Amino acid sequence: MNKGLPKWADIILIPLLSLMLAFLVSGLVVMFIGKDPIEAVKVMVSGALGKFGIGYTLYYTTNFIFTGLAVAVAFHARMFNIGGEGQAGIGGVGVAVVLLSVDWPHWTIAIVAASVGAMVFGAAWAAIPAYLQAKRGSHIVITTIMFNWIGSALIVYLLVGPMQAPGMVPETMGFSAGSSIPTLNDMFPAFDKHAPANVTLFLALFAAVGVWVLIWKTRLGYEIRAFGHSEKAAVYAGISPLKIIMVAMLVSGALAGMMAVNTVQGEAERLILDTVQGAGFVGIAVALMGRSHPVGVVLAAFLFGILYQGGGELSFEMGIPREMIVVIQALVIMFVGSLENMVRIPVERLFVRFSKGAA
Amino acid sequence: MTVETQTQGQSETAAPVAPAIELIGVSKSFGPVQANKDIDMIVAKGAIHGIVGENGAGKSTLMSILYGFYKADAGEIKIDGVTTEITDSHAAIAAGIGMVHQHFMLVQPFTVLENVIMGAEDGPLLRPSLAKARKVLAELAAEYELDVDPDAIVGDLSVGFQQRVEILKALYREADILILDEPTGVLTPAEADHLFRILENLKEQGKTIVLITHKLREIMAVTDTVSVMRRGEMTATVKTAETSASELADLMVGRHVVLEVDKSDAEPGEVILEVKNLCVTDFQGVKKLKDVSLKLRAGEILGVAGVAGNGQSDLLNILGGIDAAESGEVILKGESIDLTHKASAAMRRERGIGHVPEDRHALGLVMPFQTWENAVFGYHNNPEFSGKYGLANQKAMMEDTKRKIEKYDIRPTNPHLQASNYSGGNQQKIVIAREIVNNPDVLLVGQPTRGVDIGAIEFIHKQIVALRDEGKAVLLVSVELEEILALSDRIIVMFDGVIQGERMPKETNEQELGMLMAGIDPEASA
């Protein structure tokens with residue numbers, strides 16, 4: 001890495017080229033199923049960025065920023081947190097517990113309380129795998145995946161048992177009116193009335209700034225990065241692996257949990273089944289594509305928001321099956337995440353040749 | 001030069017025998033770094049040809065090109081006068097080139113035989129290959145003094161024997177040209193002498209040997225011709241008989257260097273660190289330290305000699321707060337220090353123990369970190385670097401780093417450069433600067449000049465002596481006997497987790513220390 005590549009090429013040019021490759025191949029696939037790829041792009045873009053669609057795109061973006069940041073923070077400590085799905089789900093339980101237990105007078109207080117609930121529950125769900133990793137060496141990838149399943153089973157149990165509202169539907173009672181947070185439409189009438197994007201978007205952007213400060217400006221972030229690059233060196237410097245693993249995973253779990261403020265408090269206004277819908281896993285792709293940098297994560301989250309919303313439009317407008325959208329998303333992840341060197345190496349060569357020519 | 005190539009019965013200079021290796025205009029760059037610039041080199045058949053140069057001079061790159069690991073950007077390689085395209089190691093082997101790497105390429109749980117045939121099996125069944133290899137090995141052993149038990153597990157062999165297995169591997173593949181990359185780094189002096197006898201034997205049988213090393217003593221002892229590399233260029237090729245170690249050193253560095261350390265006699269003060277009956281067992285159940293006791297005084301450099309892996313690293317790591325001890329006591333300035341798992345390196349630093357670790361890449365530096373981040377590593381929670389709310393005072397860190405760069409002549413002077421972009425010497429200067437500037441009472445130093453160029457060695461040695469002259473205590477661990485002898489005020493030798501003996505540098509020599517390093521007490525046996 002970093003063989004004389006300028007930073008902008010590293011952070012922007014290479015992901016962009018990878019993305020274009022992904023879209024090129026996606027276009028070919030669309031052609032193979034007998035649809036017009038140019039038309040598909042138009043539908044996708046207008047569907048995702050139009051007056052109606054943008055409210056959905058930003059709603060998904062908010063989710064992906066949180067889960068992407070969660071994965072990114074853990075990455076810096078070289079922890080692969082695959083448990084965003086479970087942590088966000090359990091974060092939803094935290095939101096529901098907080099919002100159902102008190103009749104909140106105003107949304108501003110409610111959102112702060114719900115955020116605390118989401119973070120505490122999300123962090124708690126990450127704490128157990130983190131502790132098992134730090135103390136017993138149980139691999140975090142395995143344990144967080146297991147905790148995704150445990151979490152989803154636990155939510156089912158809660159929604160058909162202790163937390164279920166009267167009736168047959170597996171959901172809690174609706175939250176009180178005082179905890180209903182403003183949508184973007186409430187704040188900016190330019191947005192469509194039905195669009196679910198809400199004020200949580202700003203919390204997500206705030207969280208991105210917070211992560212940037214944590215990782216690059218604090219002594220804790222310095223220790224996290226040192227540990228992530230080399231555990232042996234960290235121990236030599238007197239940094240406790242237990243502390244770093246725990247802290248990084250707690251922060252990661254809390255960020256994943258925060259997603260529930262968007263979905264559970266902002267959209268559903270009660271706890272229902274399957275509020276996460278794979279956003280925890282998309283977070284991994286977002287963090288990879290964003291190179292674990294908050295700015296990159298926000299941009300990648302927006303891109304995936306477009307893919308999600310635009311993909312929905314694609315199946316609706318053009319009859320391209322929904323599975324196709326998953327294929328396109330997979331191609332993006334593949335090119336940007338795992339085939340990065342395919343683009344990086346030629347670009348590096350070009351730069352070297354260019355800089356030699358100039359010298 | 002009068003190299004007798006007995007098998008041909010010809011003399012290199014007299015008759016136009018094609019040289020074993022001829023490189024013409026070989027260049028190789030990695031990104032913007034030019035590792036090899038237009039290298040011309042001729043290695044005569046049946047000669048021992050040394051290549052010396054500082055770290056990063058391009059020796060290893062050149063040999064990797066010759067062995068097919070890298071492809072040269074430009075240039076031509078002739079083997080026995082024939083232009084040869086060496087695309088990979090198979091091509092190199094086919095051309096008769098064998099390589100003994102610095103870090104052995106052996107499968108530890110396999111037997112010697114299995115390792116030797118690996119990649120050179122004759123068919124899908126192992127038995128015939130193993131039988132053939134057993135026969136060949138017996139012949140080679142007789143011919144070249146290369147005795148190794150063919151059925152021994154490689155992991156159980158000493159490094160000296162493992163190296164012989166590497167040589168056997170190359171010979172089994174019928175190598176005529178043998179390249180050895182820093183072969184003596186892990187050997188005792190006696191093992192090294194044996195290796196040189198083997199090399200002489202190989203030479204007598206007409207093999208060509210290329211010896212890459214930074215140890216000038218070895219070059220002087222065994223080579224016929226020596227090429228000097230500096231900054232990717234071949235700066236000189238001379239006959240060994242017509243040069244001297246100091247001339248070679250000057251050629252390597254490009255200026256005059258002083259090989260001796262200039263220091264006054266020590267004035268040891270009171271005991272500052274006392275180690276009593278320290279024991280530790282590693283996770284495999286091997287006892288690494290057995291009742292080690294020592295005293296370290298203010299104002300002295302205590303050298304710990306020994307072949308790598310005889311407990312010196314464990315001693316450093318326990319004193320540095322990285323590993324826990326099993327039993328024993330360490331008293332620092334009259335107070336005992338915590339040797340349990342609860343201790344950390346941060347606590348040691350607070351108590352005044354600095355640590356320059358043996359492995360700066362794995363421990364001493366975070367390679368992707370920038371200079372300013374590495375220059376405060378381990379001291380980042382010091383009050384002067386702590387901002388409010390857990391923030392790091394990056395401005396203070398940066399200024400501190402700039403002072404270290406200036407004072408310790410760290411080059412390049414860019415505080416934003418990643419550690420991996422520095423030469424070994426400058427990386428080590430970053431570590432040394434960091435540990436010395438924090439003013440420790442005791443400095444633990446492991447292999448201070450491993451992989452460090454001669455110019456920087458001089459500088460680093462001066463810094464260590466200066467610290468001693470300030471009245472600080474230095475515990476110096478090194479596998480380089482020359483370094484131990486030059487720097488130490490007192491020497492202890494470790495063997496198999498035990499302190500095998502203590503000597504004063506002026507009253508001992510390399511031979512005596514070498515015997516102690518091999519576990520033999522010359523006084524007891526005399």
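The chains referred to below are lettered A, B, ... by the order of the sequence lines, with proteins before strands, and numbering in each begins at 1. For clarity, every value in this text was computed on a predicted model and none was experimentally measured.
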Worksheet item: Taking the side chain from A/S230 and the backbone from B/V366, do they hold a donor-acceptor pair closer than 3.5 Å?
Response: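 Checking the backbone N and O of B/V366 against the side chain of A/S230, no donor-acceptor pair under 3.5 Å is found.
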
Discussion item. For B/N381, is there any backbone N or O sitting under 3.5 Å from a side-chain donor or acceptor partner on A/R219?
Written reply: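 No: the side chain of A/R219 does not pair with the backbone of B/N381.
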
I'd like to know whether [atom1] of [X] has more than 12 heavy-atom contacts from other residues, nucleotides or ligands below 6.0 angstrom.
X: A/M334; atom1: CE; value: yes
X: B/K333; atom1: NZ; value: yes
X: A/M342; atom1: CE; value: yes

Item to complete: Measure the spacing between CG of B/L391 and NZ of A/K217 and express it to the nearest 0.5 Å.
Response: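 Nearest 0.5 Å value for the CG-NZ distance: 9.0 Å.
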
Discussion item. Can you tell me how far apart NE2 (A/H229) and CE (B/M367) are? Round to the nearest 0.5 Å.
Written reply: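 Between atom NE2 of A/H229 and atom CE of B/M367 there are 11.5 Å.
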
Discussion item. Parallel, tilted or perpendicular: which one describes the rings of A/Y222 and B/F369, with boundaries at 30° and 60°?
Written reply: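 Rings of A/Y222 and B/F369: tilted, 30 to 60°.
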
Worksheet entry | Parallel, tilted or perpendicular, as decided by the 30° and 60° cut-offs, for the rings of B/H355 and A/Y236 |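 Answer is perpendicular, since the angle exceeds 60°.
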
Checking heavy atoms, do the side chain of [X], its backbone, both or neither come under 4.5 Å from chain B?
X: A/I239; result: side chain
X: A/R225; result: both
X: A/E231; result: neither

Practice prompt. Find the one option among B/S420, B/G390, B/A346 whose heavy-atom pairs under 4.5 Å with chain A are most numerous.
Written response: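 The candidate making the most pairs under 4.5 Å is B/G390.
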
Worksheet item: Between A/T218, A/L220, A/V213, A/L214, which has the largest tally of heavy atom pairs under 4.5 Å with chain B?
Response: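 Top count of heavy-atom pairs under 4.5 Å with chain B: A/T218.
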
Between [X] and chain A, with a heavy-atom cut-off of 4.5 Å, which part of the residue counts as in contact: side chain, backbone, both or neither?
X: B/E435; answer: side chain
X: B/Q394; answer: side chain
X: B/F377; answer: both
X: B/R349; answer: side chain
X: B/F385; answer: backbone

Fill in: Closest approach of A/G238 to B/A345 (non-hydrogen atoms, all atoms of both residues)
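Minimum heavy-atom contact is N-CB, 3.5 Å.
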
